[in-house]
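Inspection log for the structure reproduced underneath, given as structure tokens.
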Amino acid sequence: LLIPLIFFLGVQVFKDKKIALLSCLLFALSPWSIQLARMSLETNLATLLVVSGLCWFIYFVRSNSKKYLISSALCFGASLYAYFSTRVFVPLLLLFLFIFYFKKLFKLKREVFLFILILFILSIPLLHLTLFNREAGWARASNVSFWNDPSFLGKINETRNRALDFQIPSILVRLLYNRFTFFVYTLATNITSQFRLNYLLLDGDPNPLYSTPNIGIMTWAEPFLIT
């Protein structure tokens with residue numbers, strides 16, 4: 001289902017059916033999409049809903065039709081329940097869309113209000129769970145967050161001890177090696193690791209469940225097209 005959606009999205013964005021068809025071809029041949037399409041994962045549903053919401057949103061901006069607006073809001077709202085990452089990605093995507101189409105949306109205040117209202121209504125159960133049942137609402141974030149890693153403090157103390165062995169003043173050691181600096185370092189390391197050549201083009205995901213042997217998550221043509 002994603003391939004025709006990508007075609008419609010490509011036509012709306014690039015105004016060129018040839019580029020839209022090329023986008024479909026690249027997606028269909030993408031090692032990442034092929035690998036995940038073999039399994040029933042929440043990410044597949046989340047991606048479908050987000051792309052659908054994006055398509056309907058652009059259709060709404062171009063046509064001012066409320067049916068596209070409502071369809072977009074319903075898809076984006078449903079995507080929040082499909083996968084945890086969409087709860088971060090979708091608000092950022094919508095913020096970008098509102099900024100990008102600000103002049104157009106500023107003239108459609110009622111429609112924008114309706115869009116936000118539908119999203120808010122759909123988000124009420126999720127907001128209630130997040131605010132009043134933190135154990136369940138934040139379970140996924142707690143499991144994957146390195147901030148809650150029990151070995152986090154141990155790594156900091158180990159690094160401090162090594163620095164002290166080199167006769168570095170303890171005050172300076174505490175300033176250089178603490179929870180905040182380790183948080184920034186770990187966050188930067190995790191982000192940059194997503195752009196490694198081995199990950200993108202050569203070996204793919206370290207987890208064999210999510211990667212095809214001896215091939216990255218992208219084809220060799222994609223980096224050149226992105227740049």
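Note that the coordinates shown come from a computational prediction; the quantities given were computed from them, not determined experimentally.
- Residue Cys55 comes nearest to Leu5 through the heavy atom pair SG-O, 3.5 Å, listed as atom of the first residue, atom of the second, then distance.
- Atom CZ of Phe98 is surrounded by more than 12 heavy atoms from other residues, nucleotides or ligands within 6.0 Å.
- Side-chain atoms of Cys75 and Val50, non-hydrogen and from C-beta on, never get closer than 4.5 Å to each other.
- Taken from CG in Leu105 to CG in Leu97, the straight-line distance is 8.5 Å, to the nearest 0.5 Å.
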Donor-acceptor list for residues 6-18 side chains, cut-off 3.5 Å, not counting sequence neighbours:
from	atom 1	to	atom 2	distance (Å)
Gln12	OE1	Arg62	NH1	3.2
Asp16	OD1	Lys18	N	2.8

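- Residues Phe84 and Leu49 do not share a hydrophobic cluster, defined by chaining ILVMFWY side chains whose heavy atoms lie under 4.5 Å apart.
- Residues Ile191 and Phe195 approach most closely at O-CD1, 3.3 Å, considering heavy atoms.
- Inter-residue side-chain proximity for Phe27 and Ile3 is flagged as met; some heavy-atom pair is nearer than 4.5 Å.
- Between the side chain of Thr86 and the main chain of Tyr83, a donor-acceptor pair closer than 3.5 Å is present.
- Separating the OH atom in Tyr177 from the CG atom in Leu164 is a distance of 10.0 Å, to the nearest 0.5 Å.
- Using modelled atom types, no side-chain atom of Ser72 and backbone atom of Trp56 make a donor-acceptor pair closer than 3.5 Å.
- Here the CZ atom belonging to Phe76 is positioned 8.0 Å from the CZ atom belonging to Phe89, to the nearest 0.5 angstrom.
- Side-chain atoms of Pro169 and Val173, non-hydrogen and from C-beta on, never get closer than 4.5 Å to each other.
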Side-chain polar contacts of residues 63-70 - donor-acceptor pairs under 3.5 angstrom, sequence neighbours left out - could you list them?
from	atom 1	to	atom 2	distance (Å)
Ser63	OG	Tyr59	O	2.7
Ser63	OG	Ser65	N	3.4

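- Heavy atoms from other residues, nucleotides or ligands lying under 6.0 Å from CD1 of Ile171 number 12 at most.
- Distance alone, capped at 3.5 Å, places no donor-acceptor pair between the Arg162 side chain and the Thr159 backbone.
- With contacts defined as side-chain heavy-atom distances shorter than 4.5 Å, the pair Val90/Leu94 qualifies.
- The shortest side-chain heavy-atom distance between Tyr101 and Ile58 falls under the 4.5 Å cut-off.
- Going from atom CG of Leu176 over to atom CZ of Arg160 covers 10.0 Å, rounded to the nearest 0.5 Å.
- Nearest heavy-atom pair across Val88 and Leu92 is O-CG, 3.3 Å.
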For residues 106-127, please give each side-chain donor-acceptor pair under 3.5 Å, one per line with the distance, not counting sequence neighbours.
from	atom 1	to	atom 2	distance (Å)
Ser123	OG	Leu119	O	2.7

